[in-house]
Amino acid sequence: MSEPSLNRAQREAVTTVSGPLLVLAGAGTGKTRVITYRIAELIRTGITPSRILAVTFTNKAAREMRERALHLLGKRPRDVKPPEISTFHSLCVRILRRHAPLLGYPSEFSIYDRSDQETLARTALRDVRVGQETLRPGDLLSLIGKWKNLGHRPDRAEQIAEQDREQLAALAYARYQTSLKAAGAFDFDDLLLCTEELFSRFPEARFAESSRYDHVLVDEYQDTNDLQYRILGAIAGRHRNLCVVGDDDQSIYGWRGAEVAHILGFKRDWPEARIVRLEENYRSRAPILQHANQLIVHNGSRHEKTLRATRDGGAPPRFVRFEDENAEAETVVREIQQRLAGDDGGPRVPASDIAILFRTNEQPRAFELEMRRAKVPYVLIGGMSFYDRKEVRDVLAYMRVLANPSDEVSLLRIINTPLRGIGAGTIETLVGAAVEKGSPLWAVLPDAPAHPDLPHGVGERIVGFQRLIEGYRARLGTEPLAELMTDLLRVIDYKAELARVYREASEAQSRWETIEGLVSSAALYEQRAENPSLLGFLEETALTGREDDRTDDRRELHAVTLMTLHSAKGLEFPHVYMVGMEEGILPHARSVMEGRGVDEERRLCYVGVTRARETLMLSFTRQRMKWGKPRATIPSRFLMEMRGETEKAKRAAEAAAQLFSQIAAAGPGGAGDKRGDKKSGDKRATARKPKAAAGSARRGSRPQR
DNA sequence: CCCTGCGCTTTTTTT
DNA sequence: AAGCGCAGGG
């Protein structure tokens, strides 16, 4: 944003420095600018910088805000601590580190990410049955997530569970939570849930934490969920200097418990609040903004507002149809290539000015392929690819066990990696012994040699492993982390392990390089952090992904950005491509089926459109691969809505609803008329009993073909 | 205990 | 198209 000075509304938001303040800021109206200026203003009026807390939604946003704020504040004496700018989750981690023992957790607790959660969910579901229901780990996790975000503990979940399916989930939730606690670990939702619990059960902790700050600022307030809302209340309730900034039209995290009600009803809980509206858009060219406005009016229940464009001229968005996803990728990438080279008649465009936005994480595949072929530099944001790699998870599991040996998921991951002859049978016996004794797995390892059921020699190997870990544990803090890691990797000969698992030398080599990258990011962390520690490093990797890496930043400067619409929130690009604009993708099939979700999908589309400064292209395909087969698609209703073709949009919506319900009916459990799957049909009929029998009776009357 | 191969299921979004 | 769980052989 480079407009010379603050407009009237922005100035008001910046200079109203005491009491609650709600800034209703539309897309591209200078939200971030207002927050950073406000931080500077607070400091100018004499507030101690470190007593200001700004909360953002993503780490990227936090980092950018930190940089801008520091820039604005200019050079300050070394010993003046800067304002605290962090995400909700990092904030909660810091709070929990100070008070975890009150809740019965070690202060060296681990943080479990999605894939740790999946392992835990899998064991939690083992031999749990309610009626005929079964549950996949993913389903369980999404239910647990929903409950946690509503503040429900397992006992509460059991009370409110209605169908068998939910009963089962509640039961598994209880087991899941027990193992988490036994492992001394929090999952992402726990960080919020337990912080809230801490505040409600221990007033002294709440007092201590709320006394740290005089001012609290919150960005992207529309995506605050119930827990975050209560945590904010606890922290800001004393001084009531709470400034929240958000846009109800950009609320896209309802599925995670975000409540638009919080922003719509801010006045209720903070009656003395001032409200400031920012409605002048400095970002998008008028025709782009006009399409965005025309789209979002299709949503009911919103703060009525229309963004005014301050930048006239510019081309209207382009709507383009392709044959399939490959043609889409090919053409888009070719066009980008021309723009980069200036071959399209326009000026050369820097790669970082371009973004390709999509709804789901499988969409970028075709684009990545094409980008690599065309040698167009790109960065794929999110996708989790780095931390999902086996080798990274292995090494981090070692580090986590060093920090917290009770961390059972990590311990199980490494106890036989590299192979040291501690097999599945042995592990089962050990886990059994731990359960019987009621102690962590780690604590029973020394008893292994004396265990009657374990084959000879295994006990010694187990003790050897335990000594190995203890040896390195003792060295923690006495030498640089990166050195310790290198040494450990050498001693366990992890390089050989990689060579064993990945037969192809080049593959093994590139995996090893990933590990070297991890080690050097540990070294970087140690240089950067004030009080480096293993815990700090693990925390950063768990919460921030790899974006703290400076090299990544530099890469982004010269690369086209590929990311989901969700990750695009808060960002802007001169040139935006929104791809896969089809019913089933945007709006996603699942939200169409649930009926309620389409408004949120529309907001998601709105977010995408309003990222664009200069040009916008929206593309869709005639057919797209699904489960290996090409399937005809329906153009997204949003395309028609933003062009004012309301009737046509309605027809698209109806066609989509019909199509998806047909597909759902053909799926498992439904009145399947797929003659091909008689085998699984038979199995199912015997596995489940009464309910399915009724359904299959009808099918049975008109059998095979 | 470890490896390989087969067949089955899977498809939202994120800290 | 890809990942996971299970069975069977070394």
Practice item. Assess A:R602 against A:F638: is NZ or CZ under 6.0 Å from the centre of the six-membered ring, and within 45 degrees of the ring's axis? Key: no
Review point. Are a donor atom and an acceptor atom from the side chains of A:R622 and A:T633 found within less than 3.5 Å of each other?
Key: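 No, no side-chain donor-acceptor contact under 3.5 Å.
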What integer distance in Å separates [X]:[atom1] from [N]:[atom2]?
X: A:E600; N: B:dT13; atom1: CD; atom2: C1'; value: 9 Å
X: A:R602; N: B:dT12; atom1: CZ; atom2: P; value: 21 Å
X: A:K626; N: B:dT12; atom1: NZ; atom2: C1'; value: 10 Å
X: A:W255; N: B:dT15; atom1: CH2; atom2: P; value: 9 Å
X: A:L357; N: B:dT13; atom1: CG; atom2: C1'; value: 14 Å
X: A:R603; N: B:dT12; atom1: CZ; atom2: P; value: 20 Å
X: A:I381; N: B:dT15; atom1: CD1; atom2: C1'; value: 15 Å
X: A:F188; N: B:dT15; atom1: CZ; atom2: P; value: 8 Å

Point to revise | A:T621/A:V579 under side chain to side chain contact (heavy atoms under 4.5 Å, CB included): CA gap, chis, key distance, verdict | key: CA-CA 9 Å; A:T621 63; A:V579 299; over 6 Å; no
Point to revise | Under 4.0 angstrom between A:N361 side-chain N/O and B:dT12 OP1 or OP2 | key: no
**Study point:** Short side-chain N/O contact from A:R590 to OP1 or OP2 of B:dT12, under 4.0 Å
**Key:**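 Affirmative; the distance criterion is met.
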Exercise for review: Verify the neighbour count for atom CD of A:E507: are there more than 12 heavy atoms of other residues, nucleotides or ligands below 6.0 Å?
Suggested key: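 Buried by this count: over 12 neighbours within 6.0 Å.
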Review point. Relative to each other, are the rings of A:Y229 and A:H262 parallel, tilted or perpendicular (30° and 60° limits)?
Key: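 Plane angle under 30°, so parallel.
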Check your understanding: With under 30° as parallel and over 60° as perpendicular, where do the rings of A:H89 and A:F188 fit, or are they tilted in between?
Key ->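 Rings of A:H89 and A:F188: perpendicular, over 60°.
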**Study point:** side chain to side chain contact (heavy atoms under 4.5 Å, CB included) between A:R114 and A:L141, worked out
**Key:** CA-CA 9 Å; A:R114 173 75 195 194; A:L141 288 178; 3.9 Å; yes
Just checking [X]: base, sugar-phosphate only, or nothing, at a heavy-atom cut-off of under 4.0 Å?
X: A:R122; value: sugar-phosphate
X: A:R365; value: sugar-phosphate
X: A:F88; value: nothing

Check your understanding: Looking at A:H152 versus A:Y173, is the centre-to-centre ring distance below 6.0 Å?
Key ->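 Here the rings of A:Y173 and A:H152 have centres that are no less than 6.0 Å from each other.
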Revision key, fill the gap. Contact span of DNA chain C against chain A, any nucleotide atom under 4.0 Å from a heavy atom, 5' to 3', runs C:dA2 to C:dG5
Check your understanding: When you match A:S567 and A:E362 each to their closest nucleotide on DNA chain B, which lands nearer the 5' end?
Key -> A:E362
Which pairs, protein N/O on one side and nucleotides 1-5 of chain B N/O on the other, fall under 3.5 Å?
| residue | atom | partner | partner atom | Å |
| --- | --- | --- | --- | --- |
| B:dC1 | OP1 | A:A424 | N | 3.2 |
| B:dC1 | OP1 | A:G425 | N | 3.1 |
| B:dC1 | OP2 | A:T426 | OG1 | 3.0 |
| B:dC2 | OP2 | A:N416 | ND2 | 3.2 |
| B:dC3 | OP1 | A:R500 | NH1 | 2.4 |
| B:dC3 | OP2 | A:R500 | NH1 | 3.1 |
| B:dT4 | OP1 | A:R503 | NH1 | 3.2 |

Point to revise | Pairs flagged by ring-ring contact (aromatic ring centres under 6.0 Å, His included) wherever residues 109-128 of chain A is involved - sequence neighbours left out | key: A:F109-A:F186
Check your understanding: Does any N or O in the side chain of A:N404 come within less than 3.5 Å of the main-chain N or O of A:A183, such that one atom is a donor and the other an acceptor?
Key -> yes
Exercise for review: Can you figure out which of B:dT12, B:dT15, B:dT14 approaches the side chain of A:H566 most closely?
Suggested key: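 Among the listed nucleotides, the one closest to the side chain of A:H566 is B:dT14.
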Revision key, fill the gap. Against the side chain of A:H89, the closest entry in B:dT14, B:dT12, B:dT15 is B:dT15
Review point. Planes under 30° and centres closer than 5.5 Å, is that true for A:Y253 with the base of B:dT13?
Key: no
